[in-house]
Participant: 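Structure incoming, see below.
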Amino acid sequence: MEEFETVEAEFDEETHVGRLTLNRPDALNALSDQLRQDLVAGLQWLESHNEDADGIALRAVVVEGAEGNFCAGADISEFSEASPGETSGQHHYEFIQEFPVPIIAKIRGYCLGGGLETAMACDFRFAHSDARLGLPEVDLGLIPGAGGVQFISRLANPSVAKEVAMTGDHLSADRADELDIVNRVYDDADLDEATREFAETLAAKPPLAVQAIKDAANVATQVGLNEGRSYDRRRFEPLLETEDHQEGARAFAEDDYDPEFRGR
Ligand code: CO8
């Protein structure tokens, strides 16, 4: 376990899963400048476990908020101190999107504004049935400055994005699920169990292939079909040369249901 001022990080060597907890519960884990920096530092600390590993050690990450809330958005008390160039705090969102390992946002309670944008920058969103998700920036005379409208337009559609961002209304987890803004909804302890199982399932897959899929799916949101397909092809070819591909092919031929992938 590594403690940053506003984030706790843990790495489980056995399962290859990392965990980050946003830890400002008194402010509903609002994104202060410190918390944004700690979030990036926490991911870097998790990734540093690859340095001495035989292959790739970190293979999935779960991000959650302390004490029953994911995150109530940017820290409103810091707004007046920020200069216009600093206001959207893009850096941690991009860092999450470009992080080579899949990241699951485990969402309880409030997930609002920059908190929802953070969750949407992640690769998956698993929500508790009591979660409340929304983009309330409109009521502050702002828009979601870190891509909230763009993210929802892609996950759902532009009309849903307009509805969510123009009204600022909080969505229930079930409604967010219907709109494809979250991947799964669970009650109580089932959320912990399902998120853990899902993270471990991802972590048991060949890590280089998983990384290439994350990257290719991100590219798919930005380019046309033909360009995207040639990108996939370019990511596919080097994987043919990996030890993990050989291991997968061997396991298939030998009916071995427990192959060991190393990320090489
Ligand atoms: N920033 C700072 N503090 C917060 C925030 C926040 N976003 N949200 C809650 N808190 C604090 C409250 O001030 C309160 O602190 P204290 O106990 O010291 O008074 C504590 O957390 C608990 O909050 P409440 O008492 O309000 O709890 P309730 O259960 O009554 O209400 C709500 C919970 C509905 C979540 C309510 O707190 C709320 O509406 N919060 C604001 C949500 C919001 O508007 N988020 C969007 C912020 S804007 C954004 O994310 C992107 C803007 C990009 C520009 C960035 C510029 C720097």
Side-chain angles (χ1 to χ4, degrees), residues 4-8 20-43 63-98 103 105-122 125-156 158 160-176 179 181-182 185 188 191:
F4 299 85
E5 202 173 317
T6 59
V7 165
E8 282 176 10
L20 287 185
T21 305
L22 315 183
N23 194 20
R24 291 186 74 213
D26 292 347
L28 311 184
N29 303 316
L31 294 164
S32 59
D33 209 34
Q34 184 67 49
L35 192 143
R36 295 165 198 267
Q37 286 174 34
D38 289 348
L39 189 44
V40 171
L43 287 170
V63 178
E64 63 187 308
E67 299 189 19
N69 290 291
F70 186 75
C71 169
D75 190 314
I76 296 171
S77 66
E78 289 184 355
F79 279 23
S80 53
E81 298 156 21
S83 67
E86 293 167 342
T87 49
S88 65
Q90 291 280 1
H91 182 54
H92 85 275
Y93 305 101
E94 282 155 8
F95 198 86
I96 288 172
Q97 272 188 292
E98 286 162 19
I103 305 182
K106 182 162 89 176
I107 304 169
R108 287 195 158 81
Y110 288 113
C111 179
L112 302 175
L116 180 54
E117 289 174 305
T118 300
M120 291 192 291
C122 294
R125 286 149 295 283
F126 280 29
H128 188 268
S129 49
D130 287 345
R132 312 293 295 173
L133 301 94
L135 296 173
E137 286 89 341
V138 69
D139 292 326
L140 299 167
L142 298 171
I143 71 164
V149 174
Q150 308 302 322
F151 282 130
I152 296 190
S153 294
R154 284 164 174 76
L155 292 170
V160 168
K162 288 172 193 166
E163 181 184 332
V164 175
M166 286 184 193
T167 64
D169 287 349
H170 297 178
L171 303 174
S172 67
D174 284 337
R175 180 71 181 135
L179 296 171
I181 296 169
V182 300
V185 178
D188 305 318
L191 175 65

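Predicted model only: the values in this text are computed from it and were never measured. Atoms within a ligand are numbered from 1 in the order they appear, just like the ligands themselves.
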Participant: By the definition side chain to side chain contact (heavy atoms under 4.5 Å, CB included), identify the one residue from L112, L28, L22 that meets it with N69.
Facilitator: L28
Participant: Hey, which atoms in ligand 1 end up nearer than 4.0 Å to a heavy atom of G73?
Facilitator: 50 (O)
Participant: Donor-acceptor pair, N29 side chain versus A66 backbone, under 3.5 Å?
Facilitator: yes
Participant: Please say whether G145 places an N or O atom under 3.5 Å from an N or O atom belonging to ligand 1.
Facilitator: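 It does not: no N or O of G145 is found under 3.5 Å from an N or O of ligand 1.
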Participant: Number the atoms of ligand 1 from 1 as they appear, then name those within less than 4.0 Å of a heavy atom of D26, with their elements.
Facilitator: 15 (O), 20 (C), 21 (O)
Participant: If the cut-off is 4.0 Å to any non-hydrogen atom of D75, which atoms of ligand 1 fall inside it?
Facilitator: 1 (N), 2 (C)
Participant: Would you mind telling me if ligand 1 is within reach of the side chain of L140, the backbone, both or neither, using heavy atoms under 4.0 Å?
Facilitator: side chain
Participant: Test of understanding: given a 4.0 Å heavy-atom threshold, classify the contact between A74 and ligand 1 as side chain, backbone, both, or neither.
Facilitator: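 Looking at A74 and ligand 1, atoms from backbone and side chain both fall under 4.0 Å.
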Participant: Show which atoms of ligand 1 fall inside a sub-4.0 Å distance from at least one heavy-atom site of E137.
Facilitator: 48 (S), 49 (C), 50 (O), 51 (C), 52 (C)
Participant: I'd like to know if the side chain of T21 reaches the main chain of N23, judged simply by a donor and an acceptor atom lying under 3.5 Å from each other, with no hydrogens or angles considered.
Facilitator: no
Participant: At under 4.0 Å between heavy atoms, is it the side chain or the backbone of I76 that contacts ligand 1, or both, or neither?
Facilitator: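 Both of them.
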Participant: Do any N or O atoms from the side chain of R24 and from the backbone of A30 form a donor-acceptor pair under 3.5 angstrom?
Facilitator: yes
Participant: Has R125 got a side-chain atom pairing as donor or acceptor with I181's backbone, closer than 3.5 angstrom?
Facilitator: yes
Participant: Considering the heavy atoms of L112, write down every atom of ligand 1 situated less than 4.0 Å from one of them.
Facilitator: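 By the 4.0 Å cutoff, the relevant atoms are 35 (C), 42 (C).
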Participant: Does any N or O in the side chain of E78 come within less than 3.5 Å of the main-chain N or O of D33, such that one atom is a donor and the other an acceptor?
Facilitator: yes
Participant: With heavy-atom distances below 4.0 Å as the criterion, list the atoms of ligand 1 near G113.
Facilitator: 50 (O)
Participant: Between the main-chain N or O of A146 and the side-chain N or O of E117, is there a donor-acceptor pair closer than 3.5 Å?
Facilitator: yes
Participant: Ligand 1 versus A72, non-hydrogen atoms closer than 4.0 Å: side chain, backbone, both, neither?
Facilitator: both
Participant: Using only atom types and a distance under 3.5 Å, with no angle test, would you say the side chain of H128 pairs donor to acceptor with the backbone of D188?
Facilitator: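 Answer holds: yes.
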Participant: Can you tell me if N69 has a non-hydrogen atom under 4.0 Å from ligand 1?
Facilitator: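 In this structure, N69 fails to qualify as a contact of ligand 1 - no heavy atom is under 4.0 Å.
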